Every structure is written in C-alpha cells, then in structure tokens.
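Computed from heavy atoms alone, side chains included, the values below leave out hydrogens, waters and symmetry copies. Every number for a ligand or one of its atoms is a count from 1 in the order of the listing. Just so we're clear, the structure is a prediction, and the values are computed from it rather than from any experiment.
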Amino acid sequence: MHFQEILERKRDGKSLTKEEIQFFVKAYTKDNIPDYQASAFLMASYLNGLTIDETVWLTEAMLHSGIVVDLKSVPGIKVDKHSTGGVGDKTSLIIAPICAALGVPVPMISGRGLGHTGGTLDKLESIPGFNVNLGLDAYQRLVRDYGICLIGQTQEIAPADKKLYALRDVTCTVENKSLISASIMSKKLAEGIDALVLDVKTGCGAFMKTEQDSEELARLMMSIGHKMGKKVTALITDMNQTLGSYVGNALEVIESVDILKGQALPEQKDLVDLSILLSAHMIILGGLTEDLDEAKSMAMKSIEDGSAFLKFKQIVEQQGGDASALDNYSKLPTAGEKHLMKADSSGYIKSLNALTIGKGAVYLGAGRIALDSIIDPAVGLIVKKKVGDRVKAGETILEIRFNDESKLNDALPYFNKSIEITSEKTAPLTLIKKTILGEI
Ligand code: URA
C-alpha cells in the first residue's frame with residue numbers, strides 16, 4: 001500500500017477502507033510514516049471529516065496498537081468515567097473511591113492537563129509521594145485487591161494515540177469529533193473496562209462550545225463503545241464556569257477530600273451534585289441497582305459512613321502517597337501569597353468565564369505553557385461566587401494563591417476578563433444539560 005494514495009483520497013474527501021486506516025496507524029506507530037505525512041493525513045481528516053465506520057476503524061487500530069488489559073480475573077463489572085476536560089473538574093478523585101468503596105471496581109487511566117484544562121494525574125501528583133507511573137502488573141493487582149487504581153497512560157496503552165495526540169496538539173487538529181472520539185475511546189477500551197460513563201463538557205471552557213456539538217461527540221463515543229460490546233452512558237454537563245470552587249492541583253485535592261469527608265460548602269454544590277450523579281450512573285452500570293435514586297443514595301451513604309474517604313486513603317497509600325496529608329493539608333504544597341480580586345460594583349454575577357479562568361491558572365503555574373513546563377502544584381484560585389450569586393462592591397470573588405509575582409501579573413488580565421457583574425438579576429447555570437442512556 002502506498003501512503004500517498006491514501007492521503008490523496010482523504011484529501012479529496014473520499015472514504016477510506018478499514019485496511020487503509022489500519023495501515024496508516026500501524027506504519028505511523030512504527031515510525032514508518034514521517035510526521036509531515038501524518039500531519040497531512042490529520043488535517044485532511046479534520047477538514048473533510050471521517051465517517052462513523054472510519055472513526056470506529058481508527059479507534060480499533062489505535063486500541064490494538066498496544067496492549068488491551070485483561071481484567072477478567074477481577075470479579076465484578078469494571079466501570080470507569082471519562083471527562084472531556086474542564087476547569088476545576090476534579091470529579092475523578094471523588095467518584096473513583098465512592099464506586100470502589102461500594103464494590104464497583106474502577107480501573108482508571110487518566111491524563112495530564114491539556115491546554116487550559118486540568119488533569120487528574122497532575123492533581124494526584126500534588127500528594128507527596130503519589131506515583132501515577134505504575135506498570136500494568138501493579139495496576140491489575142490494585143484493581144483486584146482494592147477495586148481501584150489511578151495511573152497514567154503507559155507505553156503499552158494505545159501508543160498510536162500517544163504519538164498522534166502529540167502531533168494533533170501542534171498541528172491544530174485536536175477539535176475534531178472523530179479524532180477526539182478515537183483518541184479517548186482507544187485509551188478507555190484498553191484499560192480493561194466493561195462499561196463507561198462519559199462526562200461530555202459543553203460551553204466556553206470545553207473543547208465543544210455548543211450543546212449540539214457536545215451531544216454529537218457523546219453519541220459518537222457511545223456508538224464506538226457499543227460496537228465494541230461495552231455499556232456506555234453519557235452526561236452533557238456545563239463548563240461555562242468552573243466546577244466547584246477550587247482550581248489548581250493541590251487545591252483541587254483539598255476540595256475533593258473535603259467532599260469525601262462530607263464537608264462540602266454551599267458554593268461546592270455543583271461539584272457534589274455532579275459527582276453523586278456520575279457515581280450513580282457508574283453504580284447502575286456496575287450492576288448494583290437499576291434505580292437512579294437508590295444509586296445516588298448509595299453514593300451519598302459512602303460519603304456519610306466514611307468508606308469513600310477511607311478508600312481514597314487506601315489507594316493513596318498503595319500508590320506511595322503520604323495519606324496523612326489528607327488529614328493535615330499543611331503537608332500538601334501550599335502557595336506563599338494571596339491576592340484577592342474584589343467586585344468593583346454591586347450586582348449579580350453574570351459570567352465567570354471558565355476558559356479565561358483556566359488560562360489564568362495556567363499562567364499562574366498550575367498548568368503547562370509548553371510541553372516541558374514544570375507545574376507548580378501549590379498555585380491556583382478559590383472561586384468564592386458563582387453565576388447567579390448576588391455580590392456587593394468590595395466583596396472577594398476570586399482568591400488567588402500564588403508563589404511568583406511575575407506569573408501573577410501574567411495571569412491577572414485573564415482573571416479580570418473572566419468576571420462580569422450586572423445590575424439585573426441573573427439565573428444560576430444549569431449543570432446537567434442531558435443524560436443519554438442505552439444503545440445508540
Ligand atoms: N482528550 C483526549 O484524550 N483526546 C482528545 O483528542 C481530546 C481530549
């Protein structure tokens with residue numbers, strides 16, 4: 001097969017065969033196709049689109065570019081959750097221990113922060129000693145013995161995605177539904193799951209800005225999962241404002257732990273509600289009940305009786321982390337300085353733009369500006385008000401925690417831009433836009 005002929009056909013908007021897509025993925029993974037030709041392939045796919053069949057074949061080829069973990073020796077229905085990425089989105093840290101505590105095994109292979117969005121691995125690594133780079137043997141053992149393991153993509157998991165994702169990042173070919181679906185689903189299907197809950201974000205802080213695009217992405221990922229014999233549920237959820245109130249790696253660990261301890265503040269209600277709902281759908285897919293209200297009560301109970309927090313402590317210890325830091329937050333990285341951003345007028349919060357808040361957090365040091373940037377786990381911000389809240393002139397809206405004054409100065413214009421106050425009453429944002437269940 002000649003790759004140039006495949007490229008030509010994709011450039012002209014023709015559909016490719018399964019064999020042609022397999023050829024591309026295999027050859028590129030083995031370095032037999034250079035980056036410049038792969039970039040042309042990605043751009044042609046981005047501009048002309050891939051059919052559903054092409055998307056499924058691409059996913060399969062990427063999935064089989066590495067190992068598909070076999071977790072059959074672990075009893076129970078293994079369920080994971082994947083979020084398409086947001087700001088302040090730390091639900092993985094909350095729902096994985098909730099479900100594991102209830103007996104639903106959660107094999108979770110997560111990512112790092114991407115662009116303005118945060119990543120589970122960066123958050124976990126802010127716990128001193130926590131090792132996200134365990135091999136697949138340890139991963140299988142922890143899922144079997146503790147019902148949970150939280151690691152990063154290893155060399156063996158969908159290596160084609162690892163290579164292609166890095167290329168997409170620098171060739172502006174990330175935001176395409178087929179390419180996103182194949183990337184996410186190839187990694188998730190390689191984990192050894194039986195079922196998956198997707199949290200597809202929508203709004204200014206998400207990769208998909210409109211509900212229609214988010215729903216199309218959700219349905220595409222669901223149909224890929226179903227074709228591969230997995231049960232998949234998708235929620236479309238708001239990402240116009242930050243989720244919960246803390247943004248930044250160690251701060252997000254603190255907020256998650258507070259919630260696991262049952263100590264949520266009123267402004268964290270959205271995070272609690274979404275975590276309980278996502279857990280409930282995982283509990284249903286995990287076969288513990290068919291009733292959503294009962295599943296939600298089970299999730300709440302695991303917080304009230306302390307079992308979810310205990311499970312989180314257990315996995316932190318098992319992955320080399322200092323679990324005592326979860327009771328004594330001064331052992332977590334802590335920023336030295338605070339800057340308060342106050343309301344310049346009285347009124348109602350109209351917007352707290354998640355995109356500009358996320359970008360500001362990156363410039364503060366919570367995320368990466370370049371691939372090799374070193375993040376500062378201590379920095380971030382606490383969002384004191386949410387859309388729809390009343391605010392008085394001089395009241396704090398954002399409490400920024402920083403270590404480096406010049407980084408604060410880089411970040412402040414973004415934080416300033418994110419806040420809009422109006423004199424007219426505004427409505428709180430709707431968090432859960434849609435739930436998509438069953439076969440697609
Ligand atoms: N997350 C992924 O893993 N892949 C994408 O393409 C986008 C978000």
(Q) Measuring from non-hydrogen atoms of Val174 to any atom of ligand 1, is the shortest distance under 4.0 Å? (A)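 Flag not set, Val174 not near ligand 1.
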Q | Nearest non-hydrogen protein atom, atom 3 (O) of ligand 1 | A | Lys187 NZ, 2.5 Å
Q. In terms of residue, atom name and distance, what is the protein heavy atom nearest to atom 4 (N) of ligand 1?
A. Ser183 OG, 2.7 Å
Q: Could you tell me whether the side chain of Gln319 and the main chain of Leu150 form a donor-acceptor pair under 3.5 Å?
A: yes
Q) With no hydrogens and no angle check, is any side-chain donor or acceptor of Asp270 less than 3.5 Å from a backbone partner on Gly244? A) yes
**Q.** Which of the ligand 1 atoms, numbered from 1, are nearer than 4.0 Å to a heavy atom of Tyr165
**A.**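 Result: 4 (N), 5 (C), 6 (O), 7 (C).
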Q: Pull out every atom of ligand 1 sitting under 4.0 Å from any heavy atom of Ile184, numbered as shown with elements.
A: 1 (N), 2 (C), 3 (O), 4 (N)
Q | Nitrogen or oxygen of Arg168 less than 3.5 angstrom from that of ligand 1 | A | yes
Q.
Under 3.5 Å between any N/O of Thr84 and any N/O of ligand 1: does that happen in this structure?
A. no
**Q.** Sidechain N-carboxylate O distance under 4.0 Å for Glu20, Arg9
**A.** yes
(Q) For Glu60 and Lys18: C-alpha separation, side-chain torsions, deciding distance, then whether salt bridge (Lys or Arg N to Asp or Glu O under 4.0 Å) applies. (A) CA-CA 10 Å; Glu60 275 173 347; Lys18 184 173 183 172; 3.8 Å; yes
Q. Do Ser92 and Lys81 have side-chain N/O donor and acceptor atoms under 3.5 Å apart?
A. yes
Q: Quick one: pull up CG in Leu265 and OH in Tyr246 and give me the separation to the nearest 0.5 Å.
A: 6.0 Å
